Amino acid sequence: MRWTQALIPTLKEAPAEAEILSHKLLLRAGLLRKLASGVYTFLPLGLRALRKVEQIVREEMDRAGALEILMPALQPPEIWQQSGRYETARDVLYKVRDNSKREWVLGPTHEEVVTTLAAGELGSYRLLPKNFYQIQVKFRDEIRPRFGLMRAREFIMKDAYSFDTTDEGAMASYRKMYDAYSRIFERCGLKTFPVEADTGVIGGSHSHEFMVPAETGENDVVYCEACGYAANIEKATSGIPRTAARELGAAVEKFPTPGVVTIAALSKAPHAVPANRQIKTLVYLADSKPMLVLIRGDDQLNETKLMARTGAAQVRPADVANPADLAHFHALGAMPGSLGAVAKVPADWPVLADERLRGANDMTTGANEDGFHFRHVSLERDIRVTHWHDLRTVTAGEPCAKCAKALKIRRAIEVGHVFKLGTKYSEKLGALFVDVDGARKPCVMGCYGIGVTRTLQAVIEQCNDADGIIWPLAVAPYAVCLTPLVVAPDSAVMQLAEKIYAALTAAGVDVILDDRDERPGVKFKDADLVGFPIRVGLGEKSLAKGEVELKPRGGAITFVKAEEAVAAVLKALGR
RNA sequence: CGGGACGUAGCGUAGCUUGGUAGCGCGCUUGCUUGGGGUGCAAGAGGUCGUGAGUUCAAAUCUCACCGUCCCGACCA
């Protein structure tokens with residue numbers, strides 16, 4: 001490609017819409033343009049890089065035995081109603097109506113479609129196992145799109161779905177995908193690490209996310225450098241000890257605490273009850289049903305864990321500002337700040353307590369009477385706990401549950417996610433097969449996603465310097481940029497450039513010839529900004545010595561004989 | 001949805017407090033110049049000042065509503 005025939009609109013300054021570095025570089029290097037919030041056009045260079053990522057994904061999925069298909073983005077709402085996600089996923093579903101008023105859903109993911117396909121086509125164990133994948137546009141009505149391609153309304157995803165006859169088979173499929181993902185990200189030049197993950201609304205029992213460490217990521221990952229434990233903070237646990245038990249002793253005693261409505265306030269004089277001797281009592285609604293959640297005063301509730309433990313599709317804290325929720329506080333007899341689980345708890349309310357409180361006594365908690373608290377409370381003796389769960393959020397420095405070394409927490413970008421789904425969708429959508437024994441059984445499923453557009457941006461986030469992008473060779477839009485500093489067609493410099501251009505093109509190298517009549521500085525700056533892995537500089541000075549320059553992006557210049565330039569480039573490309 | 005900021009030429013911005021001819025840099029066009037890290041000079045094109053109401057003799061500037069964009073939170077398959 002000749003630069004003058006391409007469209008590479010580089011920018012000296014980043015548009016104000018971009019906040020993080022990778023987003024700025026996407027815009028400045030002329031890869032991407034925004035049409036609307038969370039909706040983007042890929043310019044030629046951006047598309048080339050995207051295609052490179054897609055191709056790596058495709059090759060590794062094929063190698064893992066998956067079959068590429070292409071499913072529709074436009075989907076009938078009926079299958080979503082069948083799976084139950086028409087309701088549970090309604091917040092992210094784009095719904096459209098055609099001219100005859102029939103409703104459609106723009107696919108945010110494809111479990112429903114692929115399971116419907118399997119229901120029709122995979123009727124015998126002889127056809128199993130199968131793994132279908134596609135690389136396709138997804139639509140999600142994100143509450144807040146942000147950071148360019150990181151969280152967009154419309155984005156490209158590789159999604160795969162495996163169908164097995166047995167649980168063991170499904171685990172083998174899962175393992176294959178896990179291994180394929182490791183190879184995919186490695187080939188993309190990305191440093192990723194897998195972490196244990198929550199399975200969320202999608203359901204399932206086993207799940208890992210592939211994370212790219214980055215301060216701009218939207219996930220917190222808990223990890224242990226000593227033993228390798230790593231988990232999304234939504235899922236992570238630690239070996240932190242339970243609350244120290246004291247002698248059972250005194251009976252519950254009510255005491256006045258006028259105006260004290262926070263853990264912090266109660267921990268100060270005159271009461272001076274340390275936060276770790278307090279019970280935080282929260283009113284939560286799980287699918288609209290009220291419950292009490294008990295957490296130690298110095299801990300934070302992990303809502304994802306709460307959702308997982310209750311099995312609810314939606315959990316939210318009761319809100320004093322919401323008139324409909326006030327009844328729940330009235331039922332307890334107090335407002336937040338004085339809530340407790342000792343007295344006046346309606347008999348049909350579940351009381352969920354965090355494991356860290358198990359066996360704790362001599363604790364202080366609200367009395368369900370505004371302005372009063374109870375002291376000398378024993379969890380076992382004084383509170384009707386209906387469920388004990390791990391509900392707290394891990395914090396940095398806590399001992400690892402496996403090896404007791406201090407845990408660390410870092411931010412990361414989720415680029416891939418593998419799930420073992422089980423039979424949730426195959427049962428609901430009728431993906432049954434006839435087994436050897438003649439019995440009809442639901443397929444055991446797995447699903448596996450890679451955010452392709454997000455991965456592309458993650459590469460930029462990880463591979464850059466002050467001058468611009470530093471593309472890993474495997475995903476660079478062009479591997480080589482030829483930079484003649486004289487572009488007159490009859491000049492020796494340009495004629496040599498044309499010769500090298502022709503030879504590299506013939507060798508199948510992705511090469512761009514910067515034939516613009518621009519000053520050297522402009523060409524160098526643009527080449528650095530766009531981030532071509534190798535730049536070949538051709539100028540009169542070096543050519544007088546019979547040499548051209550080879551400059552790897554971010555590396556030092558080397559000089560090679562002009563007649564050896566093509567071979568040197570091929571060698572630098574590892575070919 | 002709650003909190004905050006912003007909307008002036010393709011991009012970045014000044015002007016708004018105190019109402020009165022819309023300015024600068026980059027980019028773009030033309031000419032000359034320069035020619036190894038975003039040359040220099042000159043001339044030029046390009047603006048519904050987000051949209052709509054209102055106040056006023058007069059609104060980019062003041063008021064209200066709406067739309068859009070971004071950030072924090074909530075949410076997130």
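Reminder, nothing fancy here: chain letters follow the sequence lines and each chain counts from 1. Heavy-atom basis, side chains included; hydrogens, waters and symmetry copies ignored. A quick note: this is a predicted structure, and the numbers were derived from the prediction, not measured.
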Name each donor-acceptor pair under 3.5 Å that joins a side chain in residues 5-14 of chain A to protein atoms two or more places apart or in another chain, with its distance.
from: A/T10; atom 1: OG1; to: A/D526; atom 2: OD1; distance (Å): 3.0

Report the base-pairing partner of B/A42 (Watson-Crick or G-U wobble, both distances below 3.5 angstrom), or none.
-> B/U30

Rounded interatomic separation in angstrom, taking CD1 from A/I233 and P from B/C75 | 14 Å

Taking the six-membered ring of A/Y86 (Phe, Tyr or Trp), confirm whether the NZ or CZ of A/K95 is under 6.0 Å from its centre and within 45° of its axis.
-> yes

Apply side chain to side chain donor-acceptor pair (under 3.5 Å) to A/Y501 and list each qualifying residue two or more places apart in sequence or on a separate chain.
-> none

Nearest-nucleotide check on RNA chain B, A/E142 vs A/E17; residue mapping nearer the 5' end is A/E17

Run through A/F419, A/F210, A/Y448 and flag the one making a ring pair (Phe, Tyr, Trp, His ring centres under 6.0 Å) with A/Y178.
-> A/F210

Using the C1' atom as the reference point in each nucleotide, state the distance between B/G7 and B/G52 in Å, no decimals.
-> 16 Å

For A/D319, answer base if it contacts any base atom (sugar-phosphate contacts may also be present), sugar-phosphate if it contacts only those atoms, and nothing otherwise; contact means non-hydrogen atoms under 4.0 Å.
-> nothing

So what does A/P108 touch, heavy atoms closer than 4.0 Å: a base, only the sugar-phosphate, or nothing?
-> base

All N/O pairs under 3.5 Å across the protein-nucleotides 72-74 of chain B interface:
from: B/C72; atom 1: OP2; to: A/R144; atom 2: NH1; distance (Å): 3.2
from: B/C72; atom 1: OP2; to: A/R144; atom 2: NH2; distance (Å): 2.6
from: B/C72; atom 1: OP2; to: A/R146; atom 2: NH1; distance (Å): 3.0

Using Watson-Crick or G-U wobble geometry with both distances below 3.5 Å, tell me the partner of B/G2, or none.
-> B/C72

Residue pair A/E111 / A/S83, side-chain donor-acceptor N/O under 3.5 Å | no

In Watson-Crick or G-U wobble terms, with both distances under 3.5 Å, the base opposite B/A58 is none

Answer yes when A/R516 and A/D514 have at least one side-chain N-carboxylate O distance shorter than 4.0 Å, and no when they do not.
-> yes

Base-contact (B) and sugar-phosphate-only (S) positions in nucleotides 36-49 of chain B, heavy-atom cut-off under 4.0 Å, - elsewhere | BBBB----------

For A/L43 and B/G10, give me the distance from atom CG to atom C1', rounded to whole Å.
-> 13 Å

Output all residues satisfying side chain to side chain donor-acceptor pair (under 3.5 Å) with A/R2, sequence neighbours left out; order by chain, then residue number.
-> A/E498

What does A/A14 touch in the nucleic acid at a heavy-atom separation under 4.0 angstrom: a base, only the sugar-phosphate, or nothing?
-> sugar-phosphate

Watson-Crick or G-U wobble mate for B/C66, both contacts under 3.5 Å | B/G50

For the base of B/C76, is there a side-chain donor-acceptor partner from A/R151 under 3.5 Å away?
-> yes

RNA chain B: 5'-proximal contact among A/M157 and A/S37 (nearest heavy atom) | A/S37

List, one per line, each side-chain donor-acceptor pair under 3.5 Å for residues 543-550 of chain A, sequence neighbours excluded.
none

Go through the side-chain N and O atoms of A/Y181 and A/D179 and say whether any donor and acceptor fall under 3.5 Å apart.
-> no

